[in-house]
Amino acid sequence: FKLTDAQLRAVILKNSTIGVKLSRNFGSMIAQMQDFLIALLGRTKELSDLQPHTFSEMAAKLDPASVESGQAICRAGEIAQGLLFVESGTINLESEGDGEQEQVTAGGILGAAPLLTNKPYTYSAAVVESGRLWRLAAEDFQAISTRNPGLRRSLGRSVRSRLGRADQAQASSRLATMPMFAQLPQ
C-alpha cells in the first residue's frame, strides 16, 4: 500500500490530525500540510482579501496546539505571543473590567489587536470546548507583515477591538484638546 503526494494531501484536507501526527513523528511539519493550512487561513474572514503567497508564507510558520476544556489561553494584561487561528473547539473571551463575554469558534482568530497595537490583551481567554489552535509566533507575524503589508491592513480593517479604560480616557482627553470638540459638554 502506498499513498501519492496528492492522495496524502487529500487525506489531510479531510482529517488534519493525520498530518499533525505525521509531522510530530517526523520532527517537523510535513509539506503535505501546506494545502490544509492555506485552506484554514483562507477561511479566516479577517484574512479574506490576502494574496495566496501571503497564506503560503504564513502556513510555513504555523505551529499546532491541542487545547483542552478549562485551559487558559491568555490573561488580560499579558503581551501577545502570537496570532492564534482556531481550527476546532470553542474559546471564551472575557473582557477586562466589564466582564463582557464572547466566544470564538472554528475559523476565528485571537491576538490580532494586541499584535497590531503592541498593547497587552484586554481580555482573558479560556477553552470551553477542546480543539486545536494554530499559532503564528509574534516574531514571524512581524517578519511576514513587513514583507506583506496587506496582512496588517487586512487585520486592521477587520479586527474590532474595544478600547480599554486607559485608552478611552486618553482618547477622550485628546479629543477635548481639539478645537472642533472643545465646545462639547464633557
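No side-chain heavy atom of Glu94 sits under 4.5 Å from any side-chain heavy atom of Arg75. Using a 4.5 Å heavy-atom threshold, the side chains of Arg153 and Asp49 count as separate. Between Leu155 and Leu115 the shortest side-chain heavy-atom distance does not fall below 4.5 Å. The shortest side-chain heavy-atom distance between Leu8 and Leu22 falls under the 4.5 Å cut-off. Between Tyr123 and Ile73, the closest side-chain pair of non-hydrogen atoms is not below 4.5 Å. Looking at Leu37 and Phe85, their side chains never come closer than 4.5 Å, going by heavy atoms from C-beta outward. Glu68 has its side chain out of reach of Val127: every pair of non-hydrogen atoms, C-beta onward, lies at least 4.5 Å apart. Here the side chains of Thr44 and Phe55 are not in contact, with every heavy-atom distance at 4.5 Å or above.
Contact between Gln71 and Val67 at its shortest, heavy atoms only, is OE1-CA, 3.3 Å. In this structure, Ala80 and Gly111 approach most closely via the heavy-atom pair CB-O, 4.4 Å. In terms of heavy-atom proximity, Arg9 sits nearest to Ala31 at NH1-O, 3.4 Å.
Residue Met29 holds its CE atom at 6.0 Å from CG of Asp63, rounded to the nearest 0.5 Å. Atom CG of Leu83 sits about 10.5 Å away from atom CD of Gln142, to the nearest 0.5 Å. Atoms CD1 and CE, from Ile144 and Met58 in turn, are 6.5 Å apart once rounded to the nearest 0.5 Å. In this structure, the separation between CZ on Arg147 and NE2 on His53 is 11.0 Å, given to the nearest 0.5 Å. Summarising the geometry, atom CG belonging to Asn92 is positioned 4.5 Å from atom CD belonging to Gln101; distances are rounded to the nearest 0.5 Å.
Criterion: ILVMFWY side-chain heavy atoms under 4.5 Å apart, direct or through other members. Under it, Val128 and Leu133 are not part of a common hydrophobic cluster. Hydrophobic clustering, with ILVMFWY side chains joined whenever heavy atoms are under 4.5 angstrom apart, keeps Ile38 apart from Leu84. One hydrophobic cluster holds both Phe36 and Ile109 under the rule that ILVMFWY side chains link at heavy-atom gaps under 4.5 Å. Side-chain heavy atoms closer than 4.5 Å link hydrophobic residues (I, L, V, M, F, W, Y) into clusters, and following such links, possibly through other members, connects Trp134 to Leu13. Cluster membership for Val86 and Tyr121, using ILVMFWY side-chain heavy atoms within less than 4.5 angstrom, is shared.
Proximity of a side-chain donor or acceptor of Thr117 to a complementary backbone N or O of Ala113 within less than 3.5 Å is detected. Without hydrogens or angle criteria, Gln34 side chain to Ser56 main chain gives a donor-acceptor distance under 3.5 Å. Between the side chain of Arg135 and the main chain of Gln81, a donor-acceptor pair closer than 3.5 Å is present. Ser69 contributes no side-chain N or O that, together with a main-chain N or O of Ser130, makes up a donor-acceptor pair within less than 3.5 Å. With hydrogens and angles disregarded, no donor-acceptor distance shorter than 3.5 Å links the side chain of Thr90 to the backbone of Thr105.
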How far apart are the C-alpha atoms of Leu41 and Leu62, what are their side-chain angles, what is the distance that settles it, and do they pass the side chain to side chain contact (heavy atoms under 4.5 Å, CB included) test?
-> CA-CA 10 Å; Leu41 294 169; Leu62 291 175; 4.2 Å; yes

Begin from the C-alpha positions of Met33 and Val20 and carry the test side chain to side chain contact (heavy atoms under 4.5 Å, CB included) through to its verdict.
-> CA-CA 8 Å; Met33 285 295 296; Val20 170; 4.2 Å; yes

Evaluate the criterion side chain to side chain contact (heavy atoms under 4.5 Å, CB included) for residue pair Leu93 and Val104; output intermediate values, then yes/no.
-> CA-CA 8 Å; Leu93 307 181; Val104 179; 3.7 Å; yes

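Between the side chains of Glu96 and Thr122, not a single donor N or O lies within less than 3.5 Å of an accepting N or O. Between the side chains of Gln51 and Asn148, not a single donor N or O lies within less than 3.5 Å of an accepting N or O.
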